[in-house]
Trainee: 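This structure is in structure tokens; I'll ask about it shortly.
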Amino acid sequence: MICTMTRTTIRISIDTTMNMPRNTTRLLATTCVLALASLPLGCGNDGTSTEATSISARDLHTVEKSSFDMMLPVSGALAAMQQVEIRNKLETRAVVTEIVPEGTRVSKGDVVVRLAQEEILDKIKDATDKVNTSNSSAIAAQQALAIKQGEKQSELDKADVAVRIAELALQGWQEGEVVNKRQQLALAKETAGINLDRLKGRFEESAKLVAQGYIAKDEYEKDRIAMIEAEAKVKQAALDLEVYEKYTYFQDEAKKKSDLDQARAERSRVEEKFNAELVKAQADGDSANFQLQSAKERLENLETQLANTTLVAPIDGLIVYATSIDSSNGGRGGGDTQPPQVGTELRPNELVILLPDTTRMVANLKVSEALSGRIKPGQRVTVFSDAMPNQPIGGEVTGVSVLAAAGGWRDPNRREYTVKAALETDPARGLKPAMRCKAEVLLGRVDDAVNIPVQAIFRQGPVAFVYVEGGGGFEQRQVDLGRASELQIEIKKGVAPGDKVLLRAPKAFEIAKKLDASVFELANASAPGFGGGRPPAMNATPPAAAEGAPAGGGEGRPRGGRPDGARGPRGGGESGGGGSGGAPAGAAAAPAAPATKS
């Protein structure tokens, strides 16, 4: 009926166009052709399309019991296990005079960069002159210090002699002059007393003789005068002794002690004077030595800088310019940075060359957070470089990063861990760092188990089911899932070998039988996170709506990607979601590299 009505409509349209202008006729003819192209290719007896009633062989899969590897397709980039940075070590202006072309393989000790030396050579010449001048100043300062030290010792010896003389003078005065003086004064006093007694006796005899007339009066007077003089001498001797003991002794003692104190003070002054001069001479010597040391260090630094104008490869590796890394990562220069060449001026400590050791390569693979727990060190990895996709490279997982990296502004909810795998490479293959790659991580092997493709699995809440051919269409059948790879999944219960399952979401008229609603209600009530053990509320949105199942139809649809909720690699090699909008998971999320199936 549909075909008949369509042919009639087109016939009427063609007849009508006979009386229309040419442009309008051409437009209507084109419209008719498009309408014919949009019609089904054939009609059945009931007026339906033959394509609508036929099932393509690629949409069906016969359940079988076999073995398969649990392979996890991932993607990432190659990197060198060891990589050395070669930087500009000059502290001043550095200009490239020679550089090895990028991509050259060099050996340890090969010269990779030469920098201009003229400016440094001039500075070395000036620094050498400065060292010689500072050395002369240091020697002169040392000699001046030695002279001052000699003068100090000489003057101190003189001062010590003066002090010793003053000490001896005081001791000689105390033990000699004082005793002698006291003896002289005592002797003079005693002699004067004895002489006075003698003269008194003589005067008394003279008085008797004058009275008798034996001597002249004049002789008597002479004896009287002598007696008077003797009395005066006795008094003078006593006075001299008293004056010495009371005054002269203490005066001489003070003078001798003062001389000793002056000698000692002079020695202290001499010592302090030369100490001060020695401190200055020592400071001058230290300053000269410091200037000499600074000049030597400056010269050594310049000689080191001269050696740094020739940069050599510390290991065997591949020459990679730092500007290539900056440009590929969107770094400095935004891709416009010119590579270093003769005449390029470099900043201090600027990264010039990266030297990766390409004989030992690793693959840095990105794994979604949901799958990171299944990656263990020691698992085998097969890597396919984008540059050589037909040459598999074996390897082994060496570690998983501690923290996950965020997906950035493009996908802020994505969390990925970096898996590092050591590769068993042949340097002759020419692998290079930063090459994109795809890989398969062997998580394990499932032996002799009933399995089906993952895109045959559908979910509604916690219930997993498949569409099995039967009853003139497809019947929903609940299944218990086991271990899974990115392509295959083990079925513990629900289907048997020989059953045929649908690999896509069925159309409404293709569904012959659905699971009873109590199956979903019971599963929702008992499964954690899908009701918490309580029956769902009436007219509540079923949990399957959150999984992408149609709210009104009741049948489920494939979850995005894997049946366990993990994300698989997208067409571009990045980890992402699987199928959407009712498309089967396997169709929308092809693995990065084909997984093997036994």
Trainee: Any donor and acceptor pair, going by atom type alone, linking the side chain of Thr358 with main-chain N or O of Lys432 inside 3.5 Å?
Mentor: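 Between the backbone of Lys432 and the side chain of Thr358 there is no qualifying donor-acceptor contact (under 3.5 Å).
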Trainee: Does any N or O in the side chain of Ser134 come within less than 3.5 Å of the main-chain N or O of Val131, such that one atom is a donor and the other an acceptor?
Mentor: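 Checked: no pair found.
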Trainee: Does a side-chain N-to-carboxylate-O contact under 4.0 Å join Asp218 and Lys222?
Mentor: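 Yes, charged N to carboxylate O under 4.0 Å.
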Trainee: Which residues pass the side chain to side chain donor-acceptor pair (under 3.5 Å) test with Arg360, not counting sequence neighbours?
Mentor: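 Counting only residues at least two positions away or on another chain, Arg360 forms a side chain to side chain donor-acceptor pair (under 3.5 Å) with Gln82.
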Trainee: Could you pull out all residues at least two apart from Gln142 that satisfy side chain to side chain donor-acceptor pair (under 3.5 Å)?
Mentor: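 Expected list: none.
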Trainee: Arg202 vs Glu205, test: salt bridge (Lys or Arg N to Asp or Glu O under 4.0 Å). Steps then yes/no.
Mentor: CA-CA 5 Å; Arg202 183 176 179 178; Glu205 290 179 358; over 6 Å; no
Trainee: Which heavy-atom pair separates Ala80 from Met361 by the least distance, and what is that distance?
Mentor: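 For Ala80 versus Met361, the nearest heavy atoms are CA-SD, 4.0 Å.
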Trainee: Under the side chain to side chain donor-acceptor pair (under 3.5 Å) rule, collect the residues that match up with Ser137, sequence neighbours excluded.
Mentor: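 So Ser137 forms no side chain to side chain donor-acceptor pair (under 3.5 Å) with any residue.
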Trainee: Can you tell me if Asn301 and Glu297 form a side-chain donor-acceptor pair at under 3.5 Å?
Mentor: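 Per modelled atom types, Asn301 and Glu297 side chains form no pair under 3.5 Å.
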Trainee: Using side-chain heavy atoms (C-beta onward) and a distance below 4.5 Å, is Glu266 in contact with Arg269?
Mentor: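 Of all side-chain heavy-atom pairs linking Arg269 with Glu266, at least one is under 4.5 Å.
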Trainee: Trp173 vs Asp252, test: side chain to side chain contact (heavy atoms under 4.5 Å, CB included). Steps then yes/no.
Mentor: CA-CA 8 Å; Trp173 174 79; Asp252 292 344; 3.3 Å; yes
Trainee: So which pairs with a foot in residues 235-248 pass side-chain hydrogen bond (donor to acceptor under 3.5 Å, both in side chains), sequence neighbours left out?
Mentor: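 Sorted result for residues 235-248: Arg182-Glu245, Gln236-Asp240, Glu242-Lys246.
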Trainee: Is a salt bridge present between Glu167 and Arg164, judged by a nitrogen-to-oxygen distance below 4.0 Å?
Mentor: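 Answer for the salt bridge query: yes.
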Trainee: Look up atom OG1 in Thr191 and atom CD in Gln184, then write down how far apart they are to the nearest 0.5 Å.
Mentor: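 Result: 11.5 Å between the selected atoms.
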Trainee: Within this structure, what is the CD1-CG distance for the pair Ile353 and Asn88, rounded to the nearest 0.5 Å?
Mentor: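 That separation rounds to 11.5 Å.
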Trainee: Where the side chain of Arg87 meets the backbone of Asn349, is there a donor-acceptor pair that is under 3.5 Å apart?
Mentor: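 Checked: pair present.
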Trainee: Between the main-chain N or O of Gly395 and the side-chain N or O of Arg380, is there a donor-acceptor pair closer than 3.5 Å?
Mentor: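 A pair under 3.5 Å: yes.
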Trainee: Is a side-chain donor or acceptor of Asp316 paired with a backbone partner of Lys108 at a separation under 3.5 angstrom?
Mentor: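 Side chain of Asp316 to backbone of Lys108: a pair is present.
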Trainee: Any donor-acceptor pair under 3.5 Å linking the side chain of Ser401 with the backbone of Leu403?
Mentor: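 Here the side-chain-to-backbone pair exists.
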Trainee: Calculate, to the nearest 0.5 Å, the distance between atoms CG and CG belonging to Leu278 and Asp284 respectively.
Mentor: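 If we round to the nearest 0.5 Å, Leu278:CG and Asp284:CG are 11.5 Å apart.
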Trainee: Please check: side-chain N/O of Thr382 versus main-chain N/O of Glu440, any donor-acceptor pairing under 3.5 Å?
Mentor: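 Here the side-chain-to-backbone pair does not exist.
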Trainee: Using only atom types and a distance under 3.5 Å, with no angle test, would you say the side chain of Thr133 pairs donor to acceptor with the backbone of Lys130?
Mentor: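 Flag not set: sc Thr133 to bb Lys130 has no pair under 3.5 Å.
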Trainee: Do Asn135 and Lys296 have side-chain atoms, one donor and one acceptor, less than 3.5 Å apart?
Mentor: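 No donor-acceptor contact under 3.5 Å links the two side chains.
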Trainee: For Lys366, is there any backbone N or O sitting under 3.5 Å from a side-chain donor or acceptor partner on Glu416?
Mentor: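 Absent.
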Trainee: Might you point out which heavy atoms bring Leu302 and Lys123 nearest each other, and give the distance in Å?
Mentor: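 In this case the closest contact between Leu302 and Lys123 is CD1-O, 3.4 Å.
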Trainee: What verdict does the side-chain hydrogen bond (donor to acceptor under 3.5 Å, both in side chains) test give for Ser385 and Arg429, after you've listed the backbone C-alpha separation in whole Å, the side-chain angles of each residue and the deciding distance to 0.1 Å?
Mentor: CA-CA 11 Å; Ser385 169; Arg429 289 187 175 183; over 6 Å; no
Trainee: Please, which pairs that meet ring pair (Phe, Tyr, Trp, His ring centres under 6.0 Å) have at least one residue in residues 188-218, sequence neighbours excluded?
Mentor: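 Qualifying pairs, neighbours excluded: Phe203-Tyr220.
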Trainee: When you measure from the side chain of Ser154 to the backbone N and O of Glu151, does any donor-acceptor pair fall under 3.5 Å?
Mentor: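 No: the side chain of Ser154 does not pair with the backbone of Glu151.
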Trainee: I want to check something: taking the side chain as every heavy atom from C-beta on, are Met71 and Leu442 in contact at a cut-off of under 4.5 Å?
Mentor: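 They are in side-chain contact.
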Trainee: Write out all pairs satisfying salt bridge (Lys or Arg N to Asp or Glu O under 4.0 Å) with one or both partners inside residues 189-199, taking only residues at least two apart or from two chains.
Mentor: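 For residues 189-199, and leaving out neighbouring residues, there are no salt bridge (Lys or Arg N to Asp or Glu O under 4.0 Å) pairs at all.
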Trainee: Looking at every heavy atom in both Glu91 and Pro348, which two are closest together, and how far apart are they?
Mentor: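 Scanning both residues, the minimum pair turns out to be O-CG, 4.1 Å.
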